Amino acid sequence: MEPKYQPELHEEKIYQFWEKSNLFEAKVDQKKKPFSIILPPPNANADLHLGHAMYVYEDIMIRFHRLIGDEVLWLPGADHAGFETQFVFEKHLKKQGKSRFDFDEGILFKMIWDFVQENRNKMESQLRRLGFALDWSKRKFTLDNDVVKIVKETFKKLFDQGLAYYDKAIVNYCVNCGTSFSDLEVVYQEKKGKLWYILYPFELMHPEKGGITVATTRPETMLGDMAVAVHPKDKRYKNLIGKAVNLPIVNCGIKIIADEVVDPKFGTGAVKVTPAHDPTDWEMAKRHNLGLRQVIDMEGKMTILTPQEFQGKKVLEARELVLQKLKELGLLVKEENHTHRVGTCYKCGQVIEPLPMENWFIKIKPLAKKAKELIVREKIKIYPKKFKKILLWWLDHFHDWNISRQIIWGIKIPAYYCNICKRWFVSVETPKKCPYCQKNHFVSVSTTFDTWFSSAQWPFATLMTQKENSKFQISNFKKEPRKTIFEYFYPTTVMETGYDILPWWVARMIMIGYFVTKKPPFFNVVLHGLVRDKKGQKMSKSKGNVINPMEMIDKYGADALRLALIYETTLGADINFSEERIIGMRNFINKVWNIGRFIYLNREFKIQNSKFKINNKMSLLLKLEKEFKEIKRKYLRLMKNYRFSPALVLLHNFLWHHLADFYIEESKKLEENDKINFFTRLEEVYLNCLLMLHPFAPFVTEAIWQVFKKGESIYQQNLISV
RNA sequence: GGCCGGUUAGCUCAGUUGGCAAGAGCGCUUCGUUCACAUCGAAGAGGUCGGGGGUUCAAAUCCCUCACCGGCCACCA
């Protein structure tokens, strides 16, 4: 053993050894308890970042459960990450002075495919460098044919039960990215703006005869107004309800209506109603049969339904023009400063334009109801528990889920519209005829699924699509039912991921997972926090505070990085990360190595002096025995409750400050016979500590174990039986 | 406006059934080390555990309240 632990000499070799020996390959074994985790599939469009290194939590669980004798499965995969990837790829194109419009769809798809394959391989080798005990024989990709088929089948099932529907509605549309989004992709930002008060007169030529004044932050949308609304109990306007006013510039009459959603305290208490460009107004228009006039198009420009001078103008230009016109007409009553929240695209930051559009939606209410039951009745447990409340809140507040994306990278929505029957049908395979009229006059849609629609199916889709042959290990008791990988490992034991994707992913997996399999997709949800920089700021390229996990591994080894992410942290809380933390853990790992080295050197000495009296009652030995027993008991309890950080602190403290600083120092003072005696037991205690540490620091513990046990792997050991 | 966190040593943070004399990492001071490890050891400085009130034999830990910081969410145009 070298005097210093040098991770670069061991890590790659060890991982190759694990992988070559198929140690991570899970099998069906009826005699054992299954323990399964599906790795949240990283996006196959970029390198791993520190957030991905947090999956070390999963590796700890997997290796720990392997250690206590469970049959473990940790299944890796990659996400095609639809819109995200297309966005990244377009940036690449832009650097080359090109855009997506320079290629036809098929070629573009193929280009992105190749780009993703390359990234995927890179990403997977990075997962290996982190030491993750993933079963590579079962790896899946969200665009694997068999997965795609399942995704489409799920959609068909939703459609058949009336839970997927096609509808024209106001959706969040980014005119820059050219696609619609679900509510979750909209980021609201505080912006300083103006609130304009506009008079809608009774008589166009005689504003002095009065009218009704409305307040708005978006005057340009008045061109699409269909009514003015007031609160039904508002005394100021009660006698005006039902009367008509003139819509300036457009020069037409619109009605004053009464609706509960109007807040009498805001502005003038009268609100302009623009059904085509505001979701609240859209709903109001439905209630009052108002109809709509779309004045903004998909490119963010004014449509031909506006007066000619506005047509083709961008929204902000149109706004200025409208204000100018109103001023000329003497109808702009006043303007005041106003801070309000504006919806922006989570990716490009552009203001989201609410537009009426036809999209596919998932009806959430019935799905959410079932999901809630699973959580409330603790069929699914959430760790840490504060997220239970948050998850339930979400399940109560989801709107219907817009799953259409107007992009090419993804799974095509397998929906077809029959021009004869005038209705939609869904077909998993490419259809030859309409199922209703048996003719072939139908068209398909060119939109793809929201990538989360496929991720929502990941736990069951990955397991259902496993090749079953030769993976069985039939138990000795032949009467046991023969089970498939899916039956054996589903529902999975744990879903571990960052709390930031709770509504995007976790909630949807529960809803869709239960819908398809009638079982929860997992029994436990464990949520980790975000990795921030030393000062608690978000890591970002622009701030230059990003720590690259691979660089850290090069410098200090994977074990040090892993421990630094766990040591003295709180599950579910963000962690402030720094290189210093890794250095501290690198030192600890070297300490562990050197304790081993010391024991190993003394072992030679022991063998040379093999004649010694047995003395098991030495006080130092008894003290050690007692303390170790206590440590092991605490460790097991903590690990079973997902309390990994305290378990690691416990081991750290015991190994360094008790075993090394106290017991080893004391042992040096012993007489020779006692010394030999003591070291015999000390070695056993130490090896047990290595086992307990192994889930956290797999490489160094394996390296030492192989020295002590002449090439045997620590991964296959059983903690209880040692 | 709703909800959820946080406030403990100079810095970053642990401290879950309330109880041994308040901890760790990094930093700092002094000393030591041919004999496993300087990626080391020994000793030490440094904290009114945000303020106030309450429950208790006992509270950093439970309850109430206030202050400050942070996060997530919401159709007030």
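Side chains included, hydrogens not; waters and symmetry mates left out as well; all remaining heavy atoms used. These figures come from a predicted structure and were not determined experimentally. Protein chains get the first letters and strands the later ones, always in sequence-line order, with residue 1 at the start of each.
Under 4.0 Å is where a charged nitrogen must lie from a carboxylate oxygen, and between A:Glu579 and A:Lys555 at least one such pair does. Under a 4.0 Å N-O distance rule, the pair A:Asp533/A:Lys543 does not qualify as a salt bridge.
We find that CG of A:Asp574 is positioned 11 Å from P of B:A14, with the value rounded to whole Å. Atom pair A:Leu655:CG and B:A24:C1' shows a separation of 15 Å (rounding to whole Å applied). In this structure, A:Phe588 atom CZ and B:G41 atom P are separated by 12 Å, rounded to whole Å. The distance from atom CD of A:Glu579 to atom C1' of B:U39 is 14 Å, rounded to the nearest whole Å. Going from atom CH2 of A:Trp656 over to atom P of B:C37 covers 14 Å, rounded to whole Å. Taking atom CG of residue A:Asn587 and atom C1' of nucleotide B:G25, one finds them 10 Å apart after rounding to whole Å. Between the CD1 atom of A:Ile664 and the P atom of B:G41 there is a distance of 11 Å, given to the nearest Å. Summarising the geometry, the separation between NZ on A:Lys535 and P on B:G70 is reported as 16 Å, rounded to the nearest angstrom.
In the set B:G41, B:C4, B:A14, B:A14 carries the atom at the smallest distance from any side-chain atom of A:Glu568.
At a threshold of 4.0 angstrom between heavy atoms, the contacts of A:Asp661 are confined to the sugar-phosphate backbone, with no base atom among them. Using a 4.0 Å heavy-atom distance criterion, A:Arg597 is classed as a sugar-phosphate-only contact. Counting any heavy atom pair closer than 4.0 Å across all strands shown, A:Thr570 reaches sugar-phosphate atoms only and no base atom. Contacts of A:Trp196 with the nucleic acid, taken as non-hydrogen atoms under 4.0 Å apart, are absent. Among the heavy atoms of the strands lying under 4.0 Å from A:Lys591 is at least one base atom, whether or not backbone atoms are also near. Here A:Ile589 lies out of heavy-atom contact (under 4.0 Å) with every strand. Residue A:Phe387 is classed as having no contact, given no heavy-atom separation below 4.0 Å to the nucleic acid.
Nucleotides B:G18 and B:C64, compared at atom P, are 16 Å apart to the nearest Å. To the nearest whole angstrom, the two P atoms, one in B:C40 and one in B:A45, are 22 Å apart. For B:C49 and B:A22, the C1' atoms lie 8 Å apart once the distance is rounded to whole Å. Comparing B:G47 with B:G15, their C1' atoms are spaced 14 Å from each other, to the whole Å. Nucleotides B:G27 and B:G70, compared at atom C1', are 26 Å apart to the nearest Å. For the C1' atoms, the distance from B:C4 to B:G54 is 25 Å, rounded to whole Å. Across the P atoms, B:U7 and B:C26 are found 22 Å apart, a figure rounded to whole Å. The C1' atoms of B:C57 and B:G50 are separated by 28 Å, rounded to the nearest whole Å.
For A:Lys389 and B:C4, the shortest distance from a side-chain N or O to OP1 or OP2 is below 4.0 Å.
Checked by distance alone, A:Arg643 brings a side-chain donor or acceptor within 3.5 Å of a matching partner on the base of B:U16. Judged by distance alone with a 3.5 Å cut-off, no donor-acceptor contact links the side chain of A:Glu665 to the base of B:A42. No N or O donor and acceptor, one from the side chain of A:Lys4 and one from the base of B:C37, sit under 3.5 Å apart.
With A:Tyr499 as the partner, the side chain to side chain contact (heavy atoms under 4.5 Å, CB included) test is satisfied by one option alone out of A:Ile390, A:Val506, A:Asp574: A:Asp574.
In this structure, A:Lys709 forms a cation-pi arrangement with A:Trp705, its terminal cationic atom sitting closer than 6.0 Å to the ring centre and no more than 45° off the ring axis.
With ring centers used as reference points, A:Phe662 lies 6.0 Å or more from A:His657. A:His10 and A:Trp593 have their aromatic ring centers within a separation under 6.0 angstrom.
Figure legend. B:G32 is base-paired to B:C40; pairs are counted as Watson-Crick or G-U wobble with both atom distances under 3.5 Å. Under the Watson-Crick or G-U wobble criterion, with both distances below 3.5 Å, B:G5 is paired with B:C69.
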| Between A:Lys632 and A:Glu627, does a salt bridge (Lys or Arg N to Asp or Glu O under 4.0 Å) hold up when you go through it step by step? | CA-CA 9 Å; A:Lys632 190 165 164 182; A:Glu627 198 173 338; over 6 Å; no
| request: For the pair A:Arg236 and A:Asp234, evaluate salt bridge (Lys or Arg N to Asp or Glu O under 4.0 Å) and give the outcome as yes or no after the intermediate values. | output: CA-CA 6 Å; A:Arg236 294 171 291 180; A:Asp234 194 331; 2.8 Å; yes
| said: So if I define the base as every atom that isn't primed, P, OP1 or OP2, how would nucleotides 72-77 of chain B read as a B/S/- string at a heavy-atom cutoff under 4.0 Å? | reply: -SBBBB
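For A:Phe598 and A:Tyr499, each mapped to the nucleotide of RNA chain B holding its nearest heavy atom, the one lying further toward the 5' end belongs to A:Phe598. Heavy-atom nearest nucleotides on RNA chain B were determined for A:Lys386 and for A:His657, and the one closer to the 5' end corresponds to A:Lys386.
Judged purely by atom type and a 3.5 angstrom limit, A:Asp559 uses its side chain to pair as donor or acceptor with the backbone of A:Val700.
Between A:His397 and A:Trp393, the ring planes are parallel. Angles under 30° get that label, and only those over 60° would be called perpendicular.
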